[in-house]
Engineer: 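This is the structure I want to talk about, given as structure tokens.
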Amino acid sequence: MKNPSLPRLFCGFLFAVIVLLLSSCMNKPAAPPPPAPPPVADYQTIHNDFYWVDQNGQRILTRSGCLREFNGAYYWYGGNPRGFLEQYCYKSTDLIHWTNLGVCMRQDVDANRIDVLYNEKTKQYVMFMKYDGNGAYLGIATADKPEGPFTLKSYTLVDNAAMGDMSVFEDDDGKAYLAYVSWATGTNAQHGIYRMSDDYLTLDKRMYLWDIRSREAPHIFKRNGLYYYGTSRTAGILSSGTSYYTATDLAGPWSPAQPLSTPGSNNSWDSQVDFVYPIQGTQGTLYMFAGDRWTKNLPQGRNGDYIWLPVEFEGDTPIVNYNQDWDLDLKAGTWRKFDPARNLAAGKTATASSDDGTNVAQNVTAPKTYQDYINIHWDSAPGDQQWIMVDLGAPMDINRVILKWNTNAAKSFKIQTSTDATTWTDVFSTTQGASYSVTDEKFKTTMARYVRVEATEQAPVPRGGRGGRGRGGPGTPPAATPATPASAVAANAAPAPTAGPAGQPAYSLFDFMVLKD
């Protein structure tokens, strides 16, 4: 006889097992989500030894100036070296492409060593300057916008004495400090640090004063709680070595001077230091050495008005090595060396519509260093329209072209790609090319075997000359002329360029690089 309770017992047992299994699954902790992929680096390349130009192909005028970040954009301020009567402002989001916002302040006297800060309390942009000559006043101007126009508010002697070069440092707590060269006991005989008032408009308290003779271009930066006070030699516009002092407090004591290590150079890579700028990012802080290159060293390939170089550190010791090209990631605050192996055009066959002498098309893809690139380039024969083409050897993905132009550059040109050297697609075009500049353009990734530059107009060759620079002592400064809004200012106050001599090559190119970033 069957036991009617057995099926019920079996069903009950099965139900209990199912409940137990479901309970175990419900109480089991959820698997952790997969790790987020690392952020994609977004590197831009800084190119030294060439002229920086704005959106109009005009050379940037920011001598003895400063770099600041306001509202997510970078502003580069500085003076027109032809008398330093105008202060210019340029804007960029990548430190590569610059828009000229015009003259942000114009005055009737020499004013240079410009620095600009934003005051959180007054909501004003404050410009500091060495006002009226070399032995000068401290001039202060304000504006409602970073591009100005700035209005002169005051000019004053520092401790009743003229001053030489100066700059301004903003500390982590928002306090601002003036670093200045004092003439109180003689020309360029002392250096000092002054704390500014909370509104940045007046001097508050002198923090330190010490005898430092024959040094100028003072600047301060801070790293890991350590302050660095840097200077150059007083050598006029000649390049000079940089020295620095260190302290854990702006009130001192300060260490003895140490030369800035620049392996391979004793004159700051043919420049006078302007500032060291910290680029703070999500992964670190890059400290960037910025120098004015008043005099050139063409045998070493060093041209251009400015150099920007990454500062490396061994402990607390800064080192500035030379990199003609180097990559920086603004968001991360990191940098890397530019790897020439990434150049897909390196060593590949180059042809052109014409060659001039031994400066053949193949030179643009030949290996070279910054010391010898000036001697390895392509020249076209004289003419109005020329092209040069690189054969990558096989179709491949590309999205970036770098062109390093010699004096005879193209003003109007196109960068084109093709898979068969017959049908061409324009990936970039401009009518604002400039002499001795770098074209570095990214575009949508495309498949190509051939990359061509087709030029239709030669860029004018700018006239040489630095222009005047006032050296007078402070007198009674005339009233400053109101600044001109950017919309009403010509793109550049430099003299109009002139065409190159007849019979010279129409176009001349050092490097033709093709990359896939």
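The figures that follow rest on heavy atoms only: side chains count, while hydrogens, waters and symmetry mates do not. Residue numbers run from 1 in the order of the sequence given.
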Engineer: Check whether any side-chain heavy atom of T99 sits under 4.5 Å from a side-chain heavy atom of Y90, and report yes or no.
Structural biologist: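 No, their side chains stay 4.5 Å or more apart.
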Engineer: Is there a side-chain contact between W98 and N100 (heavy atoms, below 4.5 Å)?
Structural biologist: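 A side-chain contact is absent here, since even the closest heavy-atom pair is not under 4.5 Å.
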Engineer: Measure the acute angle between the ring planes of Y436 and Y51, then classify it against the limits of 30° and 60° as parallel, tilted or perpendicular.
Structural biologist: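 Correct class here is perpendicular.
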Engineer: Nearest 0.5 Å, what's the CG-CD1 distance between L286 and I279?
Structural biologist: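 Atom-to-atom, L286:CG and I279:CD1 are 4.5 Å apart.
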Engineer: Can you find a side-chain donor-acceptor pair between T431 and S412 that sits under 3.5 Å?
Structural biologist: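 Per modelled atom types, T431 and S412 side chains form no pair under 3.5 Å.
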Engineer: Out of the candidates N406, D355, D511, only one should pair with W378 under the side chain to side chain donor-acceptor pair (under 3.5 Å) rule; please name it.
Structural biologist: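 Filter result, single survivor: D355.
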Engineer: Okay, side chain of Y507, backbone of I388: is any donor-acceptor separation there less than 3.5 Å?
Structural biologist: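 No.
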Engineer: Output yes when D49 and K404 qualify as a salt bridge under the 4.0 Å nitrogen-oxygen rule, no when they do not.
Structural biologist: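 Answer for the salt bridge query: no.
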Engineer: Verify the distance criterion only: is there a donor paired with an acceptor across the side chains of R215 and T231 at less than 3.5 Å?
Structural biologist: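 Checked: R215/T231 side chains pair up, N/O donor to acceptor below 3.5 Å.
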Engineer: Rounded to the nearest 0.5 Å, how far apart are CD of E170 and CG of L117?
Structural biologist: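 So the CD of E170 and the CG of L117 are separated by 5.0 Å.
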Engineer: Is it possible for you to check whether R223 lies under 6.0 Å from the centre of the six-membered ring of F313, through NZ or CZ, and within 45° of that ring's axis?
Structural biologist: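 Yes, R223 and F313 form such a contact.
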Engineer: Which heavy atom of N323 sits nearest a heavy atom of W326, and at what distance?
Structural biologist: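 That would be O-CD1, 3.7 Å.
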Engineer: With a sphere of 6.0 Å drawn around NZ of K414, does it hold more than 12 non-hydrogen atoms of other residues, nucleotides or ligands?
Structural biologist: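 Atom NZ in K414 is not crowded, with 12 or fewer foreign heavy atoms closer than 6.0 Å.
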Engineer: Do Q371 and T369 have side-chain atoms, one donor and one acceptor, less than 3.5 Å apart?
Structural biologist: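 Note: Q371 and T369 side chains meet the donor-acceptor criterion.
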Engineer: Do the side chains of Q44 and D327 get nearer than 4.5 Å, heavy atoms only?
Structural biologist: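 Heavy-atom side-chain distance check fails, nothing below 4.5 Å.
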Engineer: Kindly say whether the aromatic ring centers of F275 and W308 come within a distance under 6.0 Å.
Structural biologist: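 Ring-ring flag for F275/W308: false, centres at least 6.0 Å apart.
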Engineer: Is a side-chain donor or acceptor of S92 paired with a backbone partner of H97 at a separation under 3.5 angstrom?
Structural biologist: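 Yes, because the side chain of S92 sits within donor-acceptor range (under 3.5 Å) of the backbone of H97.
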Engineer: Under a 4.0 Å N-O cut-off, is there an ion pair linking D391 with K348?
Structural biologist: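 Looking at D391 and K348, the cut-off is not met.
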Engineer: Would S418 and W424 count as having a side-chain donor-acceptor pair, cut-off 3.5 Å?
Structural biologist: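 Side chains of S418 and W424: no pair found under 3.5 Å.
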Engineer: Look up atom CG in D316 and atom OG in S255, then write down how far apart they are to the nearest 0.5 Å.
Structural biologist: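 Separation between the atoms: 10.5 Å.
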Engineer: Could you tell me whether D270 and K296 make a salt bridge, using a distance below 4.0 angstrom between a side-chain N and a carboxylate O?
Structural biologist: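 Between K296 and D270 there is no salt bridge, as every charged N stays at least 4.0 Å from the carboxylate O atoms.
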Engineer: Has D292 got a side-chain atom pairing as donor or acceptor with S64's backbone, closer than 3.5 angstrom?
Structural biologist: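 At least one qualifying donor-acceptor pair exists.
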Engineer: Do the side chains of R336 and D329 get close enough for a salt bridge, i.e. N-O under 4.0 angstrom?
Structural biologist: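 Salt bridge absent between R336 and D329.
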Engineer: Under 4.0 Å between a Lys/Arg side-chain N and an Asp/Glu carboxylate O for D325 and K337?
Structural biologist: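 Salt bridge: no.
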Engineer: Verify side-chain contact (heavy atoms from CB on, under 4.5 Å) between H219 and F169, making sure each step is shown before the conclusion.
Structural biologist: CA-CA 8 Å; H219 57 280; F169 167 73; over 6 Å; no
Engineer: Taking atom SG of C104 and atom NZ of K145, what is their separation to the nearest 0.5 Å?
Structural biologist: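 Answer rounded to 0.5 Å: 11.5 Å.
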Engineer: Counting distance only, does the side-chain N/O of K411 pair as donor-acceptor with the main-chain N or O of A409 below 3.5 Å?
Structural biologist: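 No, the answer is negative, given that no donor and acceptor are paired below the 3.5 Å cut-off.
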Engineer: Picking from F221, F289, Y228, what satisfies side-chain contact (heavy atoms from CB on, under 4.5 Å) with V311?
Structural biologist: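 Among the candidates, only F289 passes.
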Engineer: Check Y77, F70, F150, Y75 against Y125 for a ring pair (Phe, Tyr, Trp, His ring centres under 6.0 Å) and give me the one that passes.
Structural biologist: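 Among Y77, F70, F150, Y75, the one meeting ring pair (Phe, Tyr, Trp, His ring centres under 6.0 Å) with Y125 is F70.
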Engineer: Is there a side-chain contact between M513 and T365 in this structure, where contact means two heavy atoms from C-beta onward sitting under 4.5 Å apart?
Structural biologist: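 No - every pair of side-chain heavy atoms lies 4.5 Å or more apart.
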Engineer: Aromatic ring centroids of W76 and Y306 under 6.0 Å?
Structural biologist: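 Yes, they do, as the ring centres are separated by less than 6.0 Å.
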Engineer: Assess R342 against F338: is NZ or CZ under 6.0 Å from the centre of the six-membered ring, and within 45 degrees of the ring's axis?
Structural biologist: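 Here R342 passes the 6.0 Å and 45° test against F338.
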Engineer: With no hydrogens and no angle check, is any side-chain donor or acceptor of R293 less than 3.5 Å from a backbone partner on S271?
Structural biologist: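 Checked: no pair found.
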Engineer: Side-chain contact test, heavy atoms from C-beta onward, threshold under 4.5 Å: evaluate it for P149 versus M105 and give yes or no.
Structural biologist: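 Sidechains of M105 and P149: no contact.
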Engineer: Quick one: does H377's side chain have a donor or acceptor within less than 3.5 Å of a partner on I374's backbone?
Structural biologist: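 Side chain of H377 to backbone of I374: a pair is present.
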Engineer: Do L515 and I402 make a side-chain contact, defined as non-hydrogen atoms from C-beta onward lying under 4.5 Å apart?
Structural biologist: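 When only atoms from C-beta onward are counted, I402 and L515 do touch, with a gap below 4.5 Å.
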Engineer: Assess the pair H191 and Y229: is the distance between their ring centroids shorter than 6.0 Å?
Structural biologist: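 Yes: the rings meet the under 6.0 Å criterion.
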Engineer: Between D274 and R63, does at least one N-O distance fall below 4.0 Å, as a salt bridge requires?
Structural biologist: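 Answer for the salt bridge query: no.
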Engineer: Mind running salt bridge (Lys or Arg N to Asp or Glu O under 4.0 Å) on R400 and D517 for me, showing each step along the way?
Structural biologist: CA-CA 7 Å; R400 183 181 175 194; D517 283 345; 2.9 Å; yes
Engineer: Main chain of A381, side chain of Q386: is a donor-acceptor contact present, judged purely on distance under 3.5 Å?
Structural biologist: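 Present.
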Engineer: As an exercise, state the distance from OG1 of T242 to CH2 of W269, rounded to the nearest 0.5 Å.
Structural biologist: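 These two atoms lie 12.0 Å from each other.
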Engineer: For R302, does its backbone N or O pair with a side-chain atom of Q300 as donor and acceptor, under 3.5 Å?
Structural biologist: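 Pair absent, no side-chain N/O of Q300 close to backbone of R302.
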Engineer: Is any side-chain heavy atom of P146 closer than 4.5 Å to a side-chain heavy atom of V116?
Structural biologist: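 No, their side chains stay 4.5 Å or more apart.
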Engineer: Any non-hydrogen side-chain atom of L309 less than 4.5 Å from a side-chain atom of N48?
Structural biologist: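 Counting from C-beta outward, L309 and N48 do come under 4.5 Å.
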Engineer: Run R59 and D305 through salt bridge (Lys or Arg N to Asp or Glu O under 4.0 Å) and show every step you take.
Structural biologist: CA-CA 9 Å; R59 290 183 179 177; D305 287 331; 5.5 Å; no
